[in-house]
2 protein chains.
Amino acid sequence: MGVTKTEIFTEQQNRLADLAKAFAHPARVAILQLLAQKKACVCGDLVDELPLAQATVSQHLKELKRIGIIQGDINPPRVCYCINETVWEEARQAFGSLLDTFAVTTTGCC
Amino acid sequence: MGVTKTEIFTEQQNRLADLAKAFAHPARVAILQLLAQKKACVCGDLVDELPLAQATVSQHLKELKRIGIIQGDINPPRVCYCINETVWEEARQAFGSLLDTFAVTTTGCC
DNA sequence: TACATTCATCGCAATATTACGATGTATTTT
DNA sequence: AAAATACATCGTAATATTGCGATGAATGTA
């Protein structure tokens, strides 16, 4: 159906899946890398850095904002985007704790 | 179009996006949590643990195998699934290094 | 051999995602 | 006021994803 049955999973699982979506497209990875590497906000040059149409970049930015991992502050005539530190940290912990689960209890099976 | 322009991004970006897809659906998060928490392989009970049809679970397992993060060892009449440690570690480093990029250089902008 | 068990795959329907041109909305500049 | 700049949104087309019933393939069991 293309529709995810979110109601049958835990809040935590749905949230982690949503956070993962932020990284689940190379264009969004590129955007997040740019924002994370710069020490300041990126104001507008995002479209220039990516070989995608302005409308497409805007759509990816919208999705990242929906997830909450970035924020856009209007600073006419431009908009300044930057990482939302709180959500970034949330992602760090969410991925970290899941990915560390295995690292410690590993007991080579199969 | 629904088709990602993978050719315009780096190998690294495409790989990270692919690894993220493993976590980008709550059912796959649930599967990976089960596999990571158990100390041994999970042989077949996966369908019982999830409120999804067998065909659907099988499809998610196929996607996880394509990404490489799990492996399925045939052990008739069952198949034993477990985390692929190498790829799991790859994901840990990939997410870790990106998510840590910001943590150290943070300089509150906006 | 016939049957049951376990899992993969096929085929379908519904929805989601990706991409982009065109257009709309503010705001600044001339 | 008119034009330019920067970005969002709309509409559309193409492809991908999600989910499931039905069916197929492989192995073990009666």
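Everything numeric in this text was worked out from a predicted model, so none of it was measured. Order of the sequence lines fixes the chain letters, A, B, ..., with proteins taken first and strands second; residue numbering starts at 1 for each chain.
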Report the C-alpha distance between B:Ile69 and B:Asn84 in whole Å, list the side-chain angles of each, state the deciding distance to 0.1 Å, and finish with yes or no for side-chain contact (heavy atoms from CB on, under 4.5 Å).
CA-CA 5 Å; B:Ile69 204 164; B:Asn84 179 315; 5.8 Å; no
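- Contact detail for A:Ala94 and A:Leu16: the closest heavy-atom pair is CB-CD1, 3.8 Å.
- Rounded to an integer number of Å, the gap from CZ of A:Arg78 to C1' of D:dT5 is 9 Å.
- Nucleotide D:dA26 holds its C1' atom 14 Å from the CG atom of B:Asn75, rounded to whole Å.
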Whether each nucleotide of nucleotides 8-16 of chain C has a protein heavy atom under 4.0 Å at its base (B), only at its sugar-phosphate (S) or at neither (-) is summarised, 5' to 3', as BB---BBBS
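- In this structure, A:Glu7 atom CD and D:dG19 atom P are separated by 9 Å, rounded to whole Å.
- Contact of the B:Val57 side chain with the B:Leu61 side chain is registered, since non-hydrogen atoms from C-beta on lie closer than 4.5 Å.
- In this structure, A:His60 does not reach the C:dT17 phosphate: none of its side-chain N or O atoms is under 4.0 Å from OP1 or OP2.
- Straight-line distance from the CD atom of A:Glu63 to the P atom of D:dT17: 15 Å, rounded to whole Å.
- We find that NE2 of B:His25 is positioned 14 Å from C1' of C:dT17, with the value rounded to whole Å.
- Comparing A:Ile74 and A:Arg28 along DNA chain C, the residue whose closest nucleotide (by nearest heavy atom) sits nearer the 5' end is A:Arg28.
- Mapping A:Ile8 and A:Asp45 onto DNA chain D by nearest heavy atom places A:Asp45 at the nucleotide closer to the 5' end.
- The shortest side-chain heavy-atom distance between B:Trp88 and B:Leu19 does not fall under the 4.5 Å cut-off.
- A distance-only check finds no donor-acceptor pair linking the side chain of A:Thr56 to the backbone of A:Leu52 [under 3.5 Å].
- Under the 3.5 Å distance criterion, with hydrogens and angles disregarded, a donor-acceptor pair is assigned to the side chains of A:Thr10 and A:Gln13.
- Aromatic ring pairs are classed by plane angle as parallel below 30°, tilted from 30° to 60° and perpendicular above 60°; the pair A:His60 and A:His25 is tilted.
- Straight-line distance from the CG atom of A:Asp73 to the C1' atom of D:dC7: 14 Å, rounded to whole Å.
- One interatomic measurement links the two molecules: CD of B:Glu49 to C1' of C:dC7, which rounds to 17 Å at whole-angstrom precision.
- Atoms CD (A:Gln71) and C1' (D:dC7) sit 17 Å apart, rounded to a whole Å.
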